[in-house]
Amino acid sequence: DINMFIPAGKTTAVVGANGSGKTTLVKLLCGFYEPKEGKIYYDKENLSVIDKSSLLKNITAVFQDFALYNLTAQENIALGDTDHPFNREKAIEAAKAAGIFDLFERLPNGFETLLGSLFKNGEEMSIGQWQKIAISRAFYRDSPILFMDEPSSAMDVNSEKQLLQSLHELAKNKTVLIISHRLTTVEWADVIYVLEQGQVAEYGTHKELMAKKSLYYSMYKSNRGEIG
């Protein structure tokens, strides 16, 4: 029973408690699942008839359970776009935007340093650092549609602030959907949908939702912007 419009070239946020259906919604939009009822449209095209390879070429998605690759820092970022030759300058900019470039510079072999503990001499990363690498991979891909599921869940406050500043800048002229239980991370979104038990409870801008003094307002005030 979800009726939702995601405007092109804008940032849409979906918030709600754990289990409200946020991640499932993103996986449906990516075409990983077929909806049992209802339809999903990209512009006027039904998702069920869109060529999946064409769809996925235009989408970048960063999920909570992002992949950890025991490859070099450079190769980790390059995996974001395997259809084109590696662009080192673009990779550096993506790493800077995700807040991981300074760490890469301090590694023994810089961008050529092997990451992870699977192989000998690999540099282990914290879960927050791995998350930044996953986000830098998404920024490097630079697709017109960007889905981010809890993009700062493993980050400290300062890292989260830097990421949001970068995301705000990089989101210009892209269709962005951010899933979060931290309301403070999505205040700047053009529209915010609040899910409750798999349904849209309310939607609007942060200012409009706060003015309603309903569910979003209560969650924001009682949990200081964090749900769950």
Side-chain angles (χ1 to χ4, degrees), residues 1-16 18-71 74-87 90-91 93-94 97-98 130-153 163 166-167 170-181 186 189-193 195 198-200 203:
D1 295 323
I2 286 180
N3 186 15
M4 183 181 295
F5 174 73
I6 300 171
K10 302 289 185 180
T11 296
T12 300
V14 177
V15 301
N18 292 334
S20 60
K22 304 187 301 297
T23 297
T24 301
L25 174 64
V26 174
K27 291 181 177 179
L28 283 163
L29 292 173
C30 288
F32 297 163
Y33 306 146
E34 292 287 340
K36 294 178 180 178
E37 295 181 19
K39 295 180 176 64
I40 297 172
Y41 292 92
Y42 278 84
D43 293 329
K44 295 181 180 180
E45 290 292 326
N46 191 323
L47 178 60
S48 64
V49 301
I50 297 175
D51 177 68
K52 290 298 187 292
S53 62
S54 174
L55 173 70
L56 296 178
K57 281 184 178 180
N58 289 284
I59 289 176
T60 297
V62 180
F63 292 99
Q64 297 180 62
D65 51 347
F66 48 85
L68 312 180
Y69 299 106
N70 285 254
L71 303 169
Q74 175 175 294
E75 289 168 336
N76 260 277
I77 297 177
L79 285 174
D81 182 6
T82 57
D83 292 332
H84 301 93
F86 178 69
N87 185 324
K90 186 178 177 182
E93 289 305 311
W130 278 119
Q131 187 170 40
K132 289 179 183 180
I133 293 169
I135 291 169
S136 67
R137 192 158 51 238
F139 288 163
Y140 179 76
R141 183 172 172 82
D142 196 26
S143 64
I145 301 173
L146 177 61
F147 297 147
M148 304 196 80
D149 183 11
E150 303 287 2
S152 59
S153 60
L163 170 66
S166 297
L167 184 58
L170 292 166
K172 292 178 179 177
N173 301 318
K174 291 183 183 296
T175 302
V176 179
L177 178 68
I178 302 176
I179 302 293
S180 183
H181 70 279
V186 298
D190 295 291
V191 60
I192 301 170
Y193 284 89
L195 292 190
Q199 296 185 331
V200 176
Y203 67 93

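Values below: every heavy atom of this structure, side chains too, minus hydrogens, waters and symmetry copies.
The closest side-chain heavy-atom distance from Ile178 to Glu150 is not below 4.5 Å. At least one side-chain heavy atom of Asn87 sits under 4.5 Å from a side-chain heavy atom of Tyr140. Side-chain atoms of Val15 and Leu195, non-hydrogen and from C-beta on, never get closer than 4.5 Å to each other.
For Asp190, the salt bridge (charged side-chain N to carboxylate O under 4.0 Å, His left out) test picks out no residue, with sequence neighbours left out. The side chain to side chain donor-acceptor pair (under 3.5 Å) test applied to Gln74 returns Arg88, not counting sequence neighbours. Qualifying side chain to side chain contact (heavy atoms under 4.5 Å, CB included) partners for Ala138, counting only residues two or more places apart in sequence or in other chains: Thr60, Val62, Leu146. In terms of the side chain to side chain contact (heavy atoms under 4.5 Å, CB included) criterion, residue partners of Tyr203 (sequence neighbours excluded) are, by chain and number, Val191, Tyr193, Val200. Partners of Phe139 according to the ring-ring contact (aromatic ring centres under 6.0 Å, His included) rule, which considers only residues two or more places apart in sequence or in another chain, do not exist here. Here Lys22 pairs with nothing under the side chain to side chain donor-acceptor pair (under 3.5 Å) rule; sequence neighbours left out. With sequence neighbours left out, the side chain to side chain contact (heavy atoms under 4.5 Å, CB included) criterion links Ser54 to Asp51, Asn58. When the side chain to side chain donor-acceptor pair (under 3.5 Å) test is applied to Lys90, no partner is found at least two apart in sequence or on another chain. With sequence neighbours excluded, no residue forms a side chain to side chain donor-acceptor pair (under 3.5 Å) with Asn173.
In this structure, Arg137 contributes its side chain and Asn76 its backbone to a donor-acceptor pair below 3.5 Å. Listed for the Arg141 side chain is a donor-acceptor partner under 3.5 Å among the backbone atoms of Ile59.
Heavy atoms from other residues, nucleotides or ligands lying under 6.0 Å from NZ of Lys52 number more than 12.
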Atom pairs and distances, side-chain donor-acceptor, residues 3-13, under 3.5 Å, sequence neighbours left out:
none

Would you be so kind as to tabulate the donor-acceptor pairs closer than 3.5 Å made by side chains of residues 26-45, with sequence neighbours excluded?
residue: Tyr42; atom: OH; partner: Leu29; partner atom: O; Å: 2.7

